[in-house]
Peer 1: 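I have a structure here, written as structure tokens, and I will follow up with some questions on it.
Side chains are part of it too, since the values below use all heavy atoms of this structure and drop only hydrogens, waters and symmetry mates. Each chain gets a letter, A, B and so on, in the order the sequences are listed, and its residues count up from 1.
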Number of protein chains: 2
Amino acid sequence: MKYSGQARLLVAVDCIIFGFDGDNFKILLIQRGFAPEKKKWSLMGGFIQPEESLEIAANRILKKLTGLEGVYMEQLQAFSNPDRDPVERTIAVAYFALIDIQKYQKQLSTDYHAEWFLLDKMPKLILDHNPMVEIAKNRLRYKAALHPLLFELLPEKFTIPQLQALYEGLYSTTFDKRNFSRKLLSTGLLIRQKEKDKENSRKGAFYFKLDKLKYSDNFDAFLKFIPNPDKFIS
Amino acid sequence: MKYSGQARLLVAVDCIIFGFDGDNFKILLIQRGFAPEKKKWSLMGGFIQPEESLEIAANRILKKLTGLEGVYMEQLQAFSNPDRDPVERTIAVAYFALIDIQKYQKQLSTDYHAEWFLLDKMPKLILDHNPMVEIAKNRLRYKAALHPLLFELLPEKFTIPQLQALYEGLYSTTFDKRNFSRKLLSTGLLIRQKEKDKENSRKGAFYFKLDKLKYSDNFDAFLKFIPNPDKFIS
DNA sequence: TTTATAAATGTAAAAATTACACTTAATATT
DNA sequence: AATATTAAGTGTAATTTTTACATTTATAAA
């Protein structure tokens with residue numbers, strides 16, 4: 001028993017993979033090894049398989065490229081312009097992922113000619129992938145203004161100055177460090193460690209870890225990390 | 001030139017249509033006139049056509065049911081569990097719409113046996129439509145806490161007490177009317193009219209209209225209508 | 001021992017939010 | 001005509017949150 005007389009379409013999943021290298025936001029792109037658009041840069045994607053949900057497909061695709069599982073990933077939206085793929089009508093559901101760039105295993109992706117690009121210096125991508133990335137950036141700015149999302153981009157131990165650089169990078173602005181650290185510490189999500197990071201200064205900066213329990217409890221809380229976030233969202 | 005060896009799927013659009021009758025939130029449902037699940041209540045939906053984007057399809061479907069165009073509508077998310085439709089694998093992209101219930105033309109929908117239900121007293125729906133509605137309610141609560149979205153549910157002229165009832169209904173709570181009106185008026189979005197609504201009190205309540213220019217300018221602004229919105233969002 | 005450098009911290013002023021109760025306008029009642 | 005009724009409308013003081021801003025501290029290098 002089937003629905004007759006209706007068109008069936010290809011459904012693709014595309015992953016927008018964000019990372020942070022300590023100084024700048026990055027995005028992981030691949031160079032297509034096959035026609036059409038061979039050699040052009042692209043988001044990592046693939047078609048949904050008959051037995052998969054979109055979430056499963058997105059995780060499969062992410063794992064294939066990065067070797068990572070259990071990564072933060074969120075459905076962005078479906079892109080459905082009938083002309084978006086000149087080869088054949090395809091609907092793409094975009095997901096964005098936040099990964100700890102240090103966990104990314106380069107060798108896994110040599111198959112795909114993957115490369116991290118500075119988010120601000122991204123090449124032209126195939127199809128409608130550039131607008132997808134723009135929408136994902138905005139969604140990330142939106143969500144990170146209210147929820148403790150950006151920790152997903154950091155390693156287990158991180159310092160307050162690193163965290164501030166992360167926020168400042170996302171919003172292309174600067175924050176007063178006294179107010180910033182007070183706000184972040186007041187969430188109660190951070191546990192100070194005894195060790196310091198001595199890489200970036202003589203004095204060293206204390207490492208912090210996330211209080212994972214409080215983190216998962218507060219993930220959906222409105223924490224107002226960024227004052228007037230609408231200034232930064234287009 | 002086609003992508004070979006990939007499965008093609010049905011893609012459906014389902015519309016979650018919210019209204020407000022002055023006292024309660026409502027949702028517009030239809031009773032399916034055909035098998036499977038004939039006579040069961042359902043969201044209004046349909047399959048995407050070859051030349052349509054999802055947005056166009058959603059608007060087509062909404063217009064067919066309500067007669068309305070230019071309505072506020074937003075993509076909720078794609079639902080893709082492989083078993084969600086027992087007849088045939090179908091991906092559904094849900095949209096939610098906010099309409100002024102007074103503009104809804106009943107006669108248009110007799111074709112579909114459409115009916116407004118109290119949102120809290122909704123029947124069981126087919127497939128995964130109940131969870132779709134739950135997700136839509138949460139999204140609406142989330143977004144309305146920050147953005148001036150709910151005006152889409154009201155007629156052109158409305159009173160502050162009506163507006164407060166609307167917010168109180170969505171969050172199942174009460175607000176102090178002094179603080180509520182101060183907050184809403186401080187947005188600068190409301191223009192007081194000379195006439196009063198005398199339906200609900202002897203004194204009468206002043207009508208207000210939206211300042212449409214400021215409204216569209218501020219639609220994406222973070223206005224914090226609701227204190228601690230995470231209390232209300234699950 | 002001194003110097004250099006980034007990390008860490010406190011406080012006062014301003015703004016926003018909260019809690020709370022009386023007055024007013026208009027109709028209905030006597 | 002006076003009075004009662006009812007929901008609309010409004011103000012203020014206390015608290016909390018946010019903002020602006022400068023000095024001290026820890027450490028390694030010279």
Peer 1: Determine the interplanar angle of the Tyr142(B) and His147(A) rings, folded into 0 to 90°, and report it as parallel if under 30°, tilted if 30 to 60°, perpendicular if over 60°.
Peer 2: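 Correct class here is tilted.
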
Peer 1: Of the listed nucleotides (dG9(D), dA20(D), dT9(C)), which one gets closest to any side-chain atom of Asn179(A)?
Peer 2: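 The answer is dA20(D), which lies nearest to the side chain.
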
Peer 1: Nearest whole Å is fine: how far is dA6(C) P from Asp23(A) CG?
Peer 2: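 So the two atoms are 13 Å apart, to the nearest Å.
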
Peer 1: Phe206(A) has an atom CZ; how far is it from atom P of dT25(D), in whole Å?
Peer 2: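 Value for this atom pair: 14 Å.
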
Peer 1: Relative to the 5' end of DNA chain C, which residue comes earlier, Arg178(B) or Arg182(A), by the nucleotide with the nearest heavy atom?
Peer 2: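 Whichever sits nearer the 5' end wins; that is Arg182(A).
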
Peer 1: Between Glu199(B) (CD) and dT27(C) (C1'), how many Å, whole number?
Peer 2: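 One finds 14 Å between C1' of dT27(C) and CD of Glu199(B), rounded.
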
Peer 1: What is the distance, to the nearest angstrom, from the CG atom on Leu190(B) to the C1' atom on dG9(D)?
Peer 2: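 About 15 Å, once rounded to whole Å.
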
Peer 1: Looking at every strand, decide which applies to Asp176(B) at a 4.0 Å heavy-atom threshold: base, sugar-phosphate, or nothing.
Peer 2: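 Here Asp176(B) touches the bases of the nucleic acid.
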
Peer 1: Where the side chain of Pro227(A) is concerned, which of dA8(D), dT19(D), dA8(C) is the nearest nucleotide?
Peer 2: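 Selected nucleotide: dT19(D).
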
Peer 1: Any side-chain donor paired with an acceptor under 3.5 Å for Ser234(B) and Asn138(B)?
Peer 2: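 A donor-acceptor contact under 3.5 Å links the two side chains.
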
Peer 1: Base of dA25(C), side chain of Lys203(B) - is there a donor-acceptor contact under 3.5 Å?
Peer 2: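 Answer no: no donor N or O sits under 3.5 Å from an acceptor.
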
Peer 1: Respond yes when some side-chain nitrogen or oxygen of Lys177(A) is under 4.0 Å from OP1 or OP2 of dA8(C), and no when none is.
Peer 2: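 Checking Lys177(A) against dA8(C): no side-chain N or O falls below 4.0 Å of OP1 or OP2.
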
Peer 1: Starting from P on dG9(D), measure out to CZ on Arg192(B) and report it in whole angstrom.
Peer 2: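 Those two atoms, CZ and P, are 7 Å apart.
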
Peer 1: Can you tell me how far P of dA25(C) sits from CD of Glu195(B), to the nearest Å?
Peer 2: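 Answer to the nearest Å: 18 Å.
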
Peer 1: Can you tell me how far P of dG9(D) sits from NZ of Lys183(B), to the nearest Å?
Peer 2: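 Rounded to the whole Å, the gap is 19 Å.
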
Peer 1: Measure from the side-chain heavy atoms of Lys196(B) and tell me the nearest of dA4(C), dG11(D), dA25(C).
Peer 2: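 So the nucleotide nearest the side chain must be dA25(C).
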
Peer 1: Would you please say whether a donor-acceptor pair under 3.5 Å links the side chains of Gln75(B) and Tyr95(B)?
Peer 2: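 A donor-acceptor contact under 3.5 Å links the two side chains.
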
Peer 1: Within this structure, what is the CZ-to-C1' distance between Phe158(A) and dA7(C), rounded to whole angstrom?
Peer 2: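 So the two atoms are 16 Å apart, to the nearest Å.
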
Peer 1: Roughly how far, to the nearest 0.5 Å, is CG of Leu154(B) from NZ of Lys209(B)?
Peer 2: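 Nearest 0.5 Å value for the NZ-CG distance: 14.0 Å.
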
Peer 1: Between dG9(D), dA7(C), dA28(C), spot the one nearest the side chain of Arg202(B), thanks.
Peer 2: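 For the Arg202(B) side chain, the nearest candidate turns out to be dA28(C).
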
Peer 1: Using the benzene-type ring in the case of Trp, are the ring centres of Tyr72(A) and Phe219(A) under 6.0 Å apart?
Peer 2: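 When the ring centroids of Tyr72(A) and Phe219(A) are compared, they turn out to be within the sub-6.0 Å range.
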
